[in-house]
Asker: 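Before I ask anything, here is the structure I am working with.
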Amino acid sequence: MIFTKIFVWGGHNNIVPIPDEQRVLVHTADDIDREIRKQINKFADKKKGILLSGGMDSAIVASYLTGSDAYTFRFLKGKFQKEELERAEYYARYYGLNLHYVDITWDTVLTHLEPVMTAKAAPVHSIEPQILQAALQAKADGVEMMFVGESSDLVFGGMDGLLAKDWSFDEFMDRYIFTHPEDVLAEPVSMQYLFERYRMDGDRIDFLKFMDEVFSIESSSSYLNAFQVAGMPYYDPYARLKMADELDLYRVRHGEPKYLIRQLMTKKYPEIPVPDKIPMPRPVDEYFKTWEGPVRPEFKKNMDMNRFTGNQKWQIYCLERFLNMNEPE
């Protein structure tokens with residue numbers, strides 16, 4: 001894990017990254033290869049599993065786990081993001097992993113949503129219920145340590161959308177706030193105070209520092225929370241690495257996000273092209289295609305739900321469920 005819980009406020013656990021002095025500096029793809037292998041070798045006596053997607057981050061980790069169990073999400077009986085499943089199947093065959101599908105339905109999400117929200121004392125990302133399902137399945141199979149590749153994007157420059165330009169303050173705030181409170185809530189509260197901490201001279205924002213200090217916590221806490229609810233230890237080998245050289249934003253912005261990871265992926269799977277980055281799959285558009293919206297008084301009345309994406313609808317739905325849990329009408 002890249003994070004340790006250190007501060008509790010109102011029941012919610014805030015987390016901070018592993019200190020830089022505890023992370024290993026890497027210059028090249030070969031350095032990353034060597035250091036990941038060293039980390040995973042420490043668990044030689046454990047029954048190991050991996051959360052295996054169709055992306056390159058977990059595919060690389062899989063290359064060190066021959067004979068281990070791999071867990072791949074499958075939605076809508078395999079019809080959703082079929083190419084993602086096919087790549088995960090390829091990786092598992094290539095390095096001799098025992099592949100298990102984690103079949104996720106809306107009923108599964110409903111079963112696991114309240115446990116992860118109760119543990120976090122906050123609404124959660126849409127990936128958390130399904131991570132909990134995978135962790136519980138692995139635990140039932142006797143897995144003692146689960147591996148993930150979650151931190152690679154943050155450590156090695158994978159968030160190419162957020163890294164795409166030198167943002168102005170207002171542009172970045174608008175880009176990062178996924179669902180604007182004023183579009184949804186009857187009495188919205190501005191979140192600008194958080195971004196003000198990173199304002200630079202004039203109208204600029206230190207978006208790299210923002211990602212290191214804000215985005216990183218939000219992202220990795222989803223894994224930390226879900227695995228802790230399951231009582232399943234997990235380990236992210238990328239989390240203890242750090243680029244020794246400054247991130248080359250020119251390369252990231254010209255078609256080479258995570259250029260060191262891409263080089264390592266080519267070494268591990270020379271026969272196939274490096275896959276494009278895609279988020280962890282979850283069919284939220286399908287889940288919410290007929291949802292009519294929230295009914296609690298905290299939300300605006302008669303909202304046109306067609307204006308919101310499936311991911312935005314998840315946030316609205318999850319907030320209403322969280323309020324129902326803690327402040328029943």
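One-based numbering along the sequence shown.
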Asker: Flag yes if Phe169 and Tyr193 sit in one hydrophobic cluster, no otherwise; membership is Ile, Leu, Val, Met, Phe, Trp, Tyr, and two members link when side-chain heavy atoms are under 4.5 Å apart.
Answerer: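 Result: yes, single cluster for both.
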Asker: For the CG atom of Leu264 and the CD1 atom of Ile32, what is their distance to the nearest 0.5 Å?
Answerer: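 The distance works out to 6.0 Å.
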Asker: In terms of relative ring orientation, are Tyr223 and Phe227 parallel, tilted or perpendicular, with 30° and 60° separating the classes?
Answerer: parallel
Asker: Measuring from Ile261:CD1 to Phe156:CZ, what's the distance to the nearest 0.5 Å?
Answerer: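 Separation between the atoms: 4.5 Å.
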Asker: Once you measure the plane-to-plane angle for Phe195 and Phe172, does it fall in the parallel (<30°), tilted (30-60°) or perpendicular (>60°) bin?
Answerer: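 Perpendicular, since the angle between the ring planes exceeds 60°.
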Asker: Applying side chain to side chain contact (heavy atoms under 4.5 Å, CB included), run through Glu196 and Arg199 and close with a yes or a no.
Answerer: CA-CA 5 Å; Glu196 288 290 351; Arg199 187 189 286 272; 2.8 Å; yes
Asker: Cluster question for you: counting only ILVMFWY and a side-chain heavy-atom cut-off of under 4.5 Å, with indirect links fine, are Met191 and Trp167 together?
Answerer: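 Looking at the clustering, Trp167 is in the same group as Met191.
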Asker: Within the supplied structure, the quantity of interest is the number of heavy atoms (other residues, nucleotides, ligands) at a distance under 6.0 Å from Glu292 CD; does it exceed 12?
Answerer: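 Open.
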Asker: Considering residues at least two apart in sequence or located in another chain, which fulfil the ring pair (Phe, Tyr, Trp, His ring centres under 6.0 Å) criterion with Tyr95?
Answerer: Tyr269
Asker: Might you point out which heavy atoms bring Met303 and Pro294 nearest each other, and give the distance in Å?
Answerer: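 Taking Met303 first and Pro294 second, the nearest heavy atoms are CE-CG, 3.5 Å.
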Asker: Does Arg23 use its side chain to pair, donor to acceptor, with the backbone of Arg240 at less than 3.5 Å?
Answerer: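 Side chain of Arg23 to backbone of Arg240, a donor-acceptor pair under 3.5 Å: no, none is there.
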Asker: Decide whether Leu110 and Leu319 are clustered together by the hydrophobic rule: side chain heavy atoms of Ile, Leu, Val, Met, Phe, Trp, Tyr closer than 4.5 Å, transitively.
Answerer: yes
Asker: Nearest 0.5 Å please: distance from the CD1 atom of Ile205 over to the OH atom of Tyr176.
Answerer: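 Answer rounded to 0.5 Å: 10.5 Å.
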Asker: Let me know which of Ser151, Ser152, Ser220 forms a side-chain hydrogen bond (donor to acceptor under 3.5 Å, both in side chains) with Asp236.
Answerer: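 Of the listed options, the one satisfying the test is Ser151.
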Asker: Determine the sole option in Arg321, Glu320, Gln315 for which the side-chain hydrogen bond (donor to acceptor under 3.5 Å, both in side chains) test with Tyr317 is passed.
Answerer: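 Among Arg321, Glu320, Gln315, the one meeting side-chain hydrogen bond (donor to acceptor under 3.5 Å, both in side chains) with Tyr317 is Arg321.
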Asker: For Lys267, which residues count as a side chain to side chain donor-acceptor pair (under 3.5 Å) partner, sequence neighbours excluded?
Answerer: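 Counting only residues at least two positions away or on another chain, Lys267 forms a side chain to side chain donor-acceptor pair (under 3.5 Å) with Asp30.
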Asker: Please identify each residue that fulfils salt bridge (charged side-chain N to carboxylate O under 4.0 Å, His left out) with Lys242, with sequence neighbours left out.
Answerer: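 Salt bridge (charged side-chain N to carboxylate O under 4.0 Å, His left out) check on Lys242 returns Asp20.
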Asker: Mind listing the closest non-hydrogen atom pair of Pro257 and Asp160 along with its distance?
Answerer: CB-CB, 3.9 Å
Asker: Would you please indicate yes or no on a ring centroid separation below 6.0 angstrom for Phe147 and Tyr234?
Answerer: no
Asker: Among residues two or more places apart or on two chains, list those pairs meeting salt bridge (Lys or Arg N to Asp or Glu O under 4.0 Å) that have a residue in residues 176-193.
Answerer: Asp183-Arg307
Asker: How long is the gap from CE on Met265 to OG on Ser63, to the nearest 0.5 Å?
Answerer: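 OG of Ser63 is found 9.5 Å from CE of Met265.
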Asker: Distance only, no hydrogens: is a donor on one side chain within 3.5 Å (strictly under) of an acceptor on the other, for Thr105 and Thr108?
Answerer: yes
Asker: Return the CG to OG distance between Leu52 and Ser58, rounded to the nearest 0.5 Å.
Answerer: 4.5 Å
Asker: Group every Ile, Leu, Val, Met, Phe, Trp and Tyr by side-chain heavy-atom contacts under 4.5 Å, then state whether Met325 and Ile316 land in the same group.
Answerer: yes
Asker: Taking only distance into account, with no hydrogens and no angle test, what donor-acceptor pairs under 3.5 Å do side-chain atoms of residues 126-146 form with protein atoms, sequence neighbours excluded?
Answerer:
unit_1, atom_1, unit_2, atom_2, d
Ser126, OG, Arg282, NE, 3.0
Glu128, OE1, Asn225, ND2, 2.8
Glu128, OE2, Lys120, NZ, 2.4
Glu128, OE2, Ser222, OG, 3.3
Gln130, NE2, Pro281, O, 3.0
Gln133, OE1, His112, NE2, 2.6
Gln137, NE2, Tyr101, O, 2.9
Lys139, NZ, Ala230, O, 3.0
Asp141, OD2, Tyr71, OH, 2.7
Glu144, OE1, Lys47, N, 2.7

Asker: Before accepting this row, confirm whether a basic side-chain N of the pair Asp248/Arg253 lies closer than 4.0 Å to the acidic partner's carboxylate O.
Answerer: no
Asker: Should Lys313 and Asp285 count as an ion pair when the cut-off is N to O under 4.0 Å?
Answerer: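 Here Lys313 does not pair with Asp285 in a salt bridge, since their nearest N and O are not under 4.0 Å apart.
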Asker: For Phe308 together with Trp314, are the ring centres under 6.0 Å from each other?
Answerer: no
Asker: For Cys318 and Val124, which heavy atoms make the closest approach, and how far apart are they?
Answerer: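 Between these two residues, the closest heavy atoms are SG-N, 3.4 Å.
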Asker: Closest approach of Met56 and Val274, non-hydrogen atoms and distance?
Answerer: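 Scanning both residues, the minimum pair turns out to be SD-CG1, 3.6 Å.
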Asker: Can you name the residues that form a ring pair (Phe, Tyr, Trp, His ring centres under 6.0 Å) with Tyr250, not counting sequence neighbours?
Answerer: His254
Asker: CG/Leu208 to CG/Leu249 distance, rounded to the nearest 0.5 angstrom?
Answerer: 6.0 Å
Asker: With the 4.5 Å side-chain cut-off for hydrophobic clustering, are Tyr259 and Ile272 part of the same group?
Answerer: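 Same hydrophobic cluster.
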Asker: Report yes if some heavy atom in the side chain of Arg87 is under 4.5 Å from a heavy atom in the side chain of Pro275; otherwise report no.
Answerer: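 Yes, their side chains come closer than 4.5 Å.
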Asker: Would Gln39 and Tyr64 count as having a side-chain donor-acceptor pair, cut-off 3.5 Å?
Answerer: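 Side-chain D/A pair, Gln39 to Tyr64: absent.
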